[in-house]
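Data first, discussion second: the structure below is written as structure tokens.
Just so you know, residue 1 is the first one in the sequence shown, and it goes up from there. Here the structure is a predicted model, which is why all the values come from computation and not from measurement.
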Amino acid sequence: AAVVDLLTLPEHLFFYSRESLRRLLVAHGLDVVSMRAESSLYPLGYLAERLRKTLLRRPARRVPRWPGAAWSVPVNLFDVVTVRAERRAA
């Protein structure tokens with residue numbers, strides 16, 4: 001199934017799914033111990049611009065200047081994944 005993400009073309013050409021990351025690591029002799037999505041701080045103006053571009057297919061003409069646009073909030077977009085893997089025992 002396709003995953004629609006806030007960050008879209010042209011910035012990102014593709015994303016790896018959790019399953020494709022797991023298969024890649026296993027194919028190279030590693031066992032996945034843990035995998036989790038990380039949250040990051042994003043300015044509200046940036047999130048609004050990304051939503052506008054993604055949903056309306058129209059980029060912002062200028063930097064958002066409304067009150068609070070520079071405030072950052074923690075958001076998990078599920079696009080940053082931390083994987084802990086160990087080399088498989090021989």
Residues forming a side chain to side chain contact (heavy atoms under 4.5 Å, CB included) with Leu41, sequence neighbours excluded: Ser72, Pro74
Side-chain touch Leu30/Glu86, heavy atoms, less than 4.5 angstrom: no
Of all heavy-atom pairs linking Ala70 and Pro43, the shortest is O-CB, 4.2 Å
Side-chain heavy-atom pair Val81, Met35 within 4.5 angstrom cut-off: yes
Among residues at least two apart in sequence or on other chains, which ones pass side chain to side chain contact (heavy atoms under 4.5 Å, CB included) with Ser39? Asn76
Single-linkage hydrophobic cluster Tyr42~Trp71, side-chain heavy atoms < 4.5 angstrom: yes
So the salt bridge (charged side-chain N to carboxylate O under 4.0 Å, His left out) pairs with at least one residue in residues 33-42 (sequence neighbours excluded) are Arg36-Glu38
Set out, in order, the CA-CA distance, both residues' side-chain angles and the distance that settles side chain to side chain contact (heavy atoms under 4.5 Å, CB included) for Val73 and Leu47, then state yes or no. CA-CA 10 Å; Val73 294; Leu47 293 172; 4.0 Å; yes
Heavy-atom closest pair, residues Trp66 and Ala48: CZ2-CB, 4.1 Å
Tell me which pairs pass side-chain hydrogen bond (donor to acceptor under 3.5 Å, both in side chains) where either residue lies in residues 20-33, with sequence neighbours left out. Ser17-Ser20, Glu19-Arg22, Asp31-Arg88
